[in-house]
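Presented below is the structure to which this report refers.
Since the structure is predicted, the reported quantities are computational estimates derived from the model, not experimental observations. Naming convention: chains lettered A, B, ... in sequence-line order (proteins, then strands); numbering from 1 in each chain.
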Amino acid sequence: MLDLKFIRENADLVKEAIKNKNEKADIDRILELDEAKRIAQFNFDQKKADQNRVSKEIGLKKKNKEDASDLLAQMGNVAQEIKDLKNILTDAENALNEAILWVPNMPHPDVPVGKSEDDNQILREWGTKREFTFQALDHVEIAEKNGLLDLERGAKISGSGFPIHTGMGARLERALINFMLDYHLIHHGYQEIMVPSMVNPTAMQGTGQLPKLKDDMYRISEDDMYLIPTAEVPITNFYAGEILKNDDLPKKFVGFSNCFRREAGSYGKDTRGLQRLHQFNKVEMVRFVQPEDSWQVLEEMVNDAEDILKALNLPYRVLRLCTGDTSFASAMTYDLEVWAPGANKYLEVSSVSNFVDFQARRASIRFRDNEGKVQFVHTLNGSGLATPRTIIAILENYQNEDGSFDIPEALKHYLPKI
RNA sequence: GGAGAUGUGUCCGAGUGGUUUAAGGAGCACGGUUGGAAACCGUGUAUAGGUGUAAGCUUAUCUAGAGUUCGAAUCUCUACAUCUCCGCCA
């Protein structure tokens, strides 16, 4: 979330950011709630200070065996008054806290203003798109010929969007996950972490999924828990509510998890094969850094994600998302899109974002700097990578005329001959 | 799932209703001492809100929430977490 003081002093800037991000938060209402809360706070504080003072006197008199009945009588209604003022204050706080949770992060000035994905900036492209001497198949056809997927039985057991990987398909999925994790550990110096797939509402609020994305997530109502849409949630919340030492930073974690998304509102879009799923696998990088380092680290993380595609020799491009496409909590996001010749389009396989102090404020992740001052950390995360579309790209780019496909050199070690 | 115990600051730990404004210790930081260090001595050592140019004043927070009371770390209730035992189980 944003600093209330910042909102107070820069209301117009914040309003513009909300508009550019296609969000709807009402800043004027927040300013009113803020004002009301401060008045309520003042009233409560004053009455409570009175009470504390007189109570102390009563204590003193009783200790000295003096009569305190006049003071006690004087305090007759104060307790009830304080209770009422406290209720007013609590209501004001709750209203303000609830409202501010809907305010998105400010986009960085370098983020292009734009409405939709059409306004995203293409920054660079890597690799050469393969020229096919035959009709390139799409991944569903290749998977079918090689027995890699059983989407029908997945739909039977769970529903559409819950794929079953069979035989070499399952091995390839597992190999890819291990390859990506190892690559980040060995070449990029991350620390591996394995986290729960279900989290409580506080964690979801900490990273910014709640309240806005409530309908996009699977909720276990009996236990009031959510299935994670990304490992970002449990990993970033690892330090929630803590004050880290300066020496603890920076932290770099990489973890694999299942990801669960209801994809509400996108039914019928990109439904073929593995393009858009309710459950998929993803390797996620998360960093906790000092504020002055976060923009450089963002570039580093994009490179970390790119290295995976380079190692797999898959053509891709890098986009900087425009304001309208940049997510609620992010200040700047780069997307990596891999080339899928069978589908004849680019597919998003990674999203790398700098949240600056937005998540750190929500989740209260702070550190004590060199001067002993407590500051919010900056958090960043990026996919490194999501497996389904990477699998699509591998199958389509490495396919042969007879319908078989080759294994990328980098994965061979992970797929011993059986 | 059942029974019991426990939850205090960075850590250990005292605190069963009122100068607790959380003792004491350790750690850490700074200063003194020293050729340098250890030991020793001194000082400091939470977070958030309100107010103020500032010093300061003030409010909240002893796992969380609710209650009793003029007054709660302390009493009551609920939730959560940890530990022990029993049951079940990969």
Subject >> Along RNA chain B (nearest heavy atom to each residue), the more 5'-positioned of A/Leu72 and A/Gln46 >> reply: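 Nearest nucleotide further toward 5': that of A/Gln46.
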Side-chain donor-acceptor contacts of residues 201-208 of chain A below 3.5 Å, not counting sequence neighbours, with atom names and distances?
from, atom 1, to, atom 2, distance (Å)
A/Thr207, OG1, A/Ala203, O, 3.2
A/Thr207, OG1, A/Gln209, OE1, 2.7

**OP:** Considering just the side-chain nitrogens and oxygens of A/Asn52, establish if one lies under 4.0 Å of OP1 or OP2 belonging to B/rG71.
**Re:**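 So the side chain of A/Asn52 is outside the cut-off, no N or O lying under 4.0 Å from OP1 or OP2 of B/rG71.
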**OP:** May I ask you to evaluate whether A/Gln51 reaches the phosphate of B/rG71, defined as a side-chain N or O under 4.0 Å from OP1 or OP2?
**Re:**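 Result: yes.
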**OP:** Give me the residues of residues 77-86 of chain A where at least one heavy atom lies under 4.0 Å from an atom of RNA chain B, by number, or none.
**Re:**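 Of all residues in residues 77-86 of chain A, the ones placing a heavy atom under 4.0 Å from RNA chain B are A/Ala79, A/Lys83.
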Original post:
To the nearest angstrom, how far is A/Lys47 atom NZ from B/rC70 atom C1'?
Top reply: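 My rounded result for the distance is 13 Å.
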Subject >> Whole-Å gap separating P (B/rC80) and CE (A/Met225) >> reply: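 So the two atoms are 12 Å apart, to the nearest Å.
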What residues form a side-chain hydrogen bond (donor to acceptor under 3.5 Å, both in side chains) with [X], not counting sequence neighbours?
X	result
A/Thr323	none
A/Asp369	A/Gln375
A/Asn94	none
A/Lys412	A/Glu409

[atom1] gap between [N] and [M], integer Å:
N	M	atom1	answer
B/rG9	B/rA64	P	10 Å
B/rG44	B/rA23	P	13 Å
B/rA79	B/rU84	P	22 Å
B/rU19	B/rC77	P	25 Å
B/rU78	B/rG4	P	12 Å
B/rA26	B/rU63	C1'	24 Å
B/rU45	B/rC88	C1'	50 Å

**OP:** Name all pairs fulfilling the ring-ring contact (aromatic ring centres under 6.0 Å, His included) condition that reach into residues 236-256 of chain A, sequence neighbours left out, sorted by first residue then second.
**Re:**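 Residue pairs passing ring-ring contact (aromatic ring centres under 6.0 Å, His included), neighbours aside: A/Phe238-A/Phe253, A/Tyr239-A/Phe288.
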Original post:
Between A/Trp295 and A/His108, is the gap from one ring center to the other below 6.0 Å?
Top reply: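 For A/Trp295 and A/His108, the ring centres are under 6.0 Å apart.
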Original post:
Counting a pair only when it is Watson-Crick or G-U and both distances are under 3.5 Å, which runs of at least 3 such pairs involve RNA chain B?
Top reply: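 RNA chain B forms these stems: B:1-7 with B:80-86, B:10-12 with B:24-26, B:27-32 with B:40-45, B:46-51 with B:56-61, B:63-67 with B:75-79.
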Donor-acceptor contacts, no H, no angles, side chain residues 95-106 of chain A, under 3.5 Å, sequence neighbours left out:
from, atom 1, to, atom 2, distance (Å)
A/Asn97, ND2, A/Glu93, O, 3.3
A/Glu98, OE2, A/Trp102, NE1, 3.2
A/Asn105, ND2, A/Ala329, O, 3.0
A/Asn105, ND2, A/Phe355, O, 3.2

Original post:
Is atom CG of A/Asn77 surrounded by more than 12 heavy atoms (other residues, nucleotides or ligands) closer than 6.0 Å?
Top reply: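 It does not: A/Asn77 CG has 12 such atoms or fewer within range.
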Listing time: all N or O pairs from protein to nucleotides 17-19 of chain B that are below 3.5 Å?
from, atom 1, to, atom 2, distance (Å)
B/rG18, N2, A/Ser55, O, 2.8

Distance-only check: which donor-acceptor pairs under 3.5 Å involve side-chain atoms of residues 229-236 of chain A, not counting sequence neighbours?
from, atom 1, to, atom 2, distance (Å)
A/Thr230, OG1, A/Glu232, N, 3.0
A/Thr230, OG1, A/Lys282, NZ, 2.8
A/Glu232, OE1, A/Asn381, ND2, 3.3
A/Glu232, OE2, A/Gln359, NE2, 2.9
A/Glu232, OE2, A/Asn381, ND2, 3.2
A/Thr236, OG1, A/Glu232, O, 2.7

**OP:** Take the angle between the ring planes of A/Phe260 and A/Tyr218 and call it parallel below 30°, perpendicular above 60°, tilted in between.
**Re:**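 Ring orientation, 0 to 90° scale: perpendicular.
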**OP:** Do nucleotides 43-52 of chain B as a string where each nucleotide becomes B, S or -: B if the base has a protein heavy atom under 4.0 Å, S if just the sugar-phosphate does, - if no protein is that close.
**Re:** ---SSSBSS-
